[in-house]
Amino acid sequence: MMTEIENMQHKASTGIDYGVSIPNNVNLAGDKRILKALERWHGGYLDWWRNMGPEGFQDAMVYLRTAVGVERDGWAKFGFIKMPEYRWGVLLAPQVPDRVIGFGDHKGQPAWQEVPGEYRGMLRRLVVIQGDTEPASVEQQRFLGKTAPSLYDMRNLFQVNVEEARHLWAMVYLLQKYFGADGREESNELLTRRSGNQDKPRMLGAFNEEMPDWLSFFMFTYFTDRDGKMQLESLAQSGFDPLSRTCRFMLTEEAHHMFVGESGISRIIERTCQAMNQARIENPYDIEAVRALGVIDLPTMQKKANLHYSLSLDLFGSEISTNAANAYSAGIKGRFHEDRIEDDHQLLNDTYPTLRLIGGQPKIVDEPALTALNMRLRNDYVRDTSGGIGRWNKVVARNAVDFEFRLPHEAFNRNIGEFSRVRTNPDGMIIGEQAFAEQKDQWLPSSEDADYVTSLMKLQTEIGKFANWIAPPKSGINKMPGEFEYVKIQ
Amino acid sequence: MVIDFQTSPDEYRHWRMEIIGEIANLIMDVDENGGLFNGYELKLNSYDLGVDIELYDAIQRLRFEYPSVRVVVLRSGKDRVFCAGANIKMLAASSHVHKVNFCKFTNETRNAMEDASRFSGQKYIAAVQGACAGGGYELALACDHIILTDDGSSSVSLPEIPLLGVLPGTGGLTRVTDKRKVRRDRADVLCTVEEGIKGKKAVDWGLVDQLAVNSRFEQCLTETVEQFKEMSDRPEELNSCRGIRLGALHREVQVDFLQYSSVTVDIHRESKLATISVAASDRDAPLDMEGMISEGDQYWGIRVARELDDAILHLRLNEPEIGIWQFRTQGDRKLAMAHDDFLSQHQQHWLVREILLNWARVLRRIDLTSRSLIALIEPDSCFIGTLAELAFASDRIFMADGEFEDQPGVEAGLTLGEANFGHYQMANGLSRLETRFLGEPEKLNVLRPLVGEVLNAERANELGLVTFTYDDIDWEDEIRIFIEERASFSPDAMTGMEAILRFGGPETMETKIFGRLTAWQNWIFQRPNAVGEEGALKRYGSGKKAVFDPHRT
């Protein structure tokens, strides 16, 4: 515990007040009403974390980083801490002086510091939906600690978990501070919905899916957290300044989650290729031979990628969306990198090439740009996602294995939007229901694939050791060596 | 395109009907690509007239074909959505005339559900899992009981005002205040919050009756269905009773001519006039119920009401420029009287009950039609009992006085029957005669003893049963002049005037619903704030914000 003077000094140097029960840089000490409301919520939150957070590791000492400043550099401080004692708090990116709304009907007006009455409902829904995904992913991942392939990976999992939980805090702060009694009610509901629960499911489909193994976890952090990134990027453009600021800070944390996903998958690929080379297996499709080595065959990884990619595309909603258009015109949710786009930022008469199902075939047609905003954000996502695929293929090529990962067509395996009504193969060719059923197991993980991956999931807690199916990382966390006890399991 | 109101379960695209003994499941599973017109997709169980035509058909069949059914469960065949209400793109693309008639028909269908519950003991339960918005909630409101899933996100909502700048068009506001008796300030909140009200608050405010979590939903529903089964007044013996199958109507549809077995419609376009002729039965009345049942859907009372209903709907939706309908009747007066007497004698029987209630609905549909209605009581007419209601539903009743040259030996006659004294309630809860004589209620006591008597023009006029009587010399000219004059008035003014004059007397939920639909909703629907270039309904879906004229009237 810091002394009063230490705390004041700390606050002066970092802008974050650790002197109150809830660390923050929004002057909660001077806002007793909200501090009290958050303290009340805190109890329920801790119950939720104990019940739904990482199972079996609540007392472990974990080498976690905690934010000590909100500037891009120097906000991380590493140290061992028990997760329930993590300093969750309310951290917003610094306020940009004289910020104006960058798009929509209110373009050029000063950014709102309070919620405008007419957009209260719309804003609240956006905040609640974003907020709901954060605890959902913690719930989905709560059993993974028990099968971690190394202490290093276990630590990364827990880092992701505490930060997702902090993102919940970020959204709850907005709800409590700006949305009155309704906001408080919604804050409580965020703690009562449960991923995968039939009675109180989380709001979005992908966040109710099971997360049975580490391959799923890496795929999720690569593909699905990247949807989160895109959503945060568009909310970071918001004319509602507190939302913009909180999302800007969340993005710095989100980047780590995607690093965990991308590097995790790279390391699995690396290990598989190494094992194949050692065993002189040239055909990556000789699945039986590859699996005999106790590593994950590349075709199965492609299938997992197909699944997580298509589920994540669904999170962008319908290609043509009134809600997205309304949120844009209202100045609440912008485009990816709105501030770097050169146009009128109102889109009243613009069109956008949109992939639609026309006469039973995928075709690109011009649609009013306002209603095609989901399509545009999804395209940005697809571009962002392709980068990692290229890096995975470099790993494969470096190991001289004849295999190439690729993203399936956007129409493949969709449950939302234009293509939810048809079945296609991964190339986007429309096929019948029966043809899909017959070939599905070649394109998406089968139950045998899942069983095999599950069979590999064994806890590895020896310091510096890694499960056979995954290569060690190039470097440790915070320049620590690979042989470091990232999690001290009590 | 001609809109056809005839369908049958084999042809449904949007509904499934499952009958399990005393329970019917009515499952809404709208085919996105099954819209009546091009240019919109019926996403999220949203509906257009085509979807509602099937619902109406199903409700009719439940009453005639499935006498054993005591409880009807209305639910969705789709995941996470109950019903998103009327399709907005369809509404935005429709003409005002179509919108109004669409709303009118959907309202009549919702009323038919309440009618089934109140008078036929078929109770409706809405099992709501997922989004229940606008017309979707209004559909649930027409049920006796609403169960809402308590999943933390499913809500009931009336988002018309915040989203579209219009009012709910299917009785939503009136049912919230008058049927569910929701407190006015809470109703105000409900109607202005786009995402609606969910969970415990929805129950506390009386917006729904019951909550159930998903894992216990089916069990709760089953328990509730059992309770409602007990509340139904349908006699036990109906459990083993076979219904009357409603076969396809025999009809021939041409451009200016509709021919059914006992109803014909002639359209005279240049006069904006349709003549609707209804023939009385040419067969003896059945000897007993067995005899009637053996006739099935060909029994006069069933067949003609269905034909008339179809003809009215056809004219309403497909012939909006035909502003005057004139009713004529023909047939043997003795036979007509015998059929009416038979129905009166057996009104306790479930099938007769349904026949009379169906006639009541068809006649109410006529009352609610925005056309000038006239009845011509001519020498060969058969305005007796049930058929006389067509005259009492009309804005003007003309009666031929004395013999006509081309029909020597016959005089026009009007005959009252038991049917005119309470079988057929109007929307205001009164019979047409009670409404006609609101200012002289003692008149009913004068008329009652005259049941069965043939009243000639002089007598009918004296009793106030007709508007004018004309003899052979004047008849044709007077009718022609009236029609020409009527056709020259503003159709809007006629619609308003007739609607007001037809429904004297008390307000009921039904008169309120239609009155407010016609006045408030249709007014808002026409205003620039809704349908102007910058109006909310026009801009819905474009992402562009509506610009309102701030003047309050």
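Per chain, numbering begins at 1; letters A, B, ... match sequence-line order.
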What residue, out of [options], has the most heavy-atom pairs lying under 4.5 Å from chain B?
options: A/Gln346, A/Lys200, A/Arg193; value: A/Lys200
options: A/Thr192, A/Ile320, A/Thr322; value: A/Thr322
options: A/Ala325, A/Gly104, A/Ser321; value: A/Ala325

Polar side chain donor-acceptor pair, [X] to [Y], under 3.5 angstrom:
X: A/Arg184; Y: A/Gln176; value: yes
X: A/Asp199; Y: B/Ser215; value: yes
X: B/Glu32; Y: B/Tyr40; value: no
X: A/Tyr119; Y: A/His106; value: yes
X: B/Ser154; Y: B/Asp151; value: yes
X: B/Glu138; Y: B/Thr170; value: yes
X: A/Glu418; Y: A/Ser318; value: no

Whether B/His98 and B/Phe37 hold their rings parallel, tilted or perpendicular, with breakpoints at 30° and 60°: perpendicular
Considering only heavy atoms, which portion of [X] lies under 4.5 Å from any heavy atom of chain B: side chain, backbone, both, or neither?
X: A/Pro201; value: both
X: A/Glu185; value: side chain
X: A/Glu367; value: neither
X: A/Asp182; value: side chain
X: A/Asn326; value: both
X: A/Gln198; value: both
X: A/Arg120; value: neither
X: A/Arg194; value: neither

Tell me, side chain or backbone of [X] under 4.5 Å from chain A's heavy atoms, or both, or neither?
X: B/Arg539; result: neither
X: B/Ser542; result: backbone
X: B/Asn33; result: side chain

Kindly indicate, with the supporting measurements, whether the criterion side-chain contact (heavy atoms from CB on, under 4.5 Å) is fulfilled by B/Glu54 and B/Arg13. CA-CA 8 Å; B/Glu54 290 181 9; B/Arg13 294 187 70 173; 3.9 Å; yes
